[in-house]
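Chain letters run A, B, ... following the sequence lines, proteins first, then strands; residues in each count from 1.
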Amino acid sequence: MAQYWLVKSEPDEYSWSDLKKAGRDVWDGIRNYQARNFMRDMRWGDTVLFYHTGKERSIVGLASVIRTAFPDPSAGEAGDWSAVELKSGRRLKHPVTLAQIKADNALKNCYLVRNSRLSVMPITADEYNRVLVLAGDT
DNA sequence: GCCAACGTTGGC
DNA sequence: GCCAACGTTGGC
């Protein structure tokens, strides 16, 4: 049973387009235990929604998990951190904004709204499907 | 640029 | 083990 996730990134630092250009990339540098633990629950082939923070504040595209959690190479000896590897998917037809998400009954209780500082989070299949509807991308 | 929310650190 | 102080994130 596939699971669904959402990861956040500041596009000036690493955008969905950067991942698209790279094709696949290591998702590392996460230094929050809750986010780390969610990454450790990711399984091969899981679908990931890619959210841009900052000015954009919207879900812009898809990705998928192609390598499950391994020791974060950027952490060195600094601690027990994990990374995964993501493959780029398609861009959403229309970005789904945070304002839309907050205004939507099916989405307003998701982690993105409840805990705005969390950078890796699970979403339900229903929430995922709703995002695709709002994206005009079913 | 401000500030609320959250996590971490360190004094006691 | 509590909590005040501080740092960071990210929405506004």
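Checking each of A:T47, A:V48, A:D46 against A:Y4 for a side chain to side chain contact (heavy atoms under 4.5 Å, CB included) leaves exactly one that passes, namely A:T47.
What separates CD1 of A:I101 from P of C:dG11 is a distance of 10 Å, to the nearest Å. If you take CZ of A:R57 and C1' of C:dT9, they are 14 Å apart, rounded to a whole angstrom. Atom NZ in A:K8 sits about 17 Å away from atom P in C:dT8, given to the nearest Å. C:dG11 atom P lies 8 Å from atom NZ of A:K102, rounded to whole Å. Atom C1' of nucleotide B:dG7 and atom CD1 of A:I30 are separated by 15 Å, given to the nearest angstrom. Spacing between atom CG of A:N32 and atom P of B:dT8 amounts to 6 Å, rounded to whole angstrom units. Atom pair A:E56:CD and C:dT9:C1' shows a separation of 17 Å (rounding to whole Å applied). Between the OH atom of A:Y111 and the P atom of B:dA5 there is a distance of 19 Å, given to the nearest Å.
Of all nucleotides listed (C:dG10, C:dT8, C:dC12), C:dT8 comes nearest to the side chain of A:R117. When distances are taken from the side chain of A:S119 to each of C:dG10, B:dC6, C:dC12, the shortest belongs to C:dG10. Here B:dG7 is the nucleotide among B:dG7, C:dG11, B:dT8 with the atom lying nearest to any side-chain atom of A:Q34.
Here A:W81 and A:Y33 bring their ring centres to under 6.0 angstrom of each other. Between A:W27 and A:F50, the distance from one ring center to the other falls under 6.0 angstrom.
Using a 4.0 Å heavy-atom distance criterion, A:L98 is classed as a sugar-phosphate-only contact. Using a 4.0 Å heavy-atom criterion, one finds that A:K55 contacts no nucleic acid atom at all.
Side-chain N/O atoms of A:Y51 include one lying less than 4.0 angstrom from OP1 or OP2 on C:dG11.
Counting only N and O atoms by type, the side chains of A:R31 and A:S74 include a donor and acceptor under 3.5 Å apart. No side-chain donor from either of A:R40 and A:T68 sits under 3.5 Å from a side-chain acceptor of the other.
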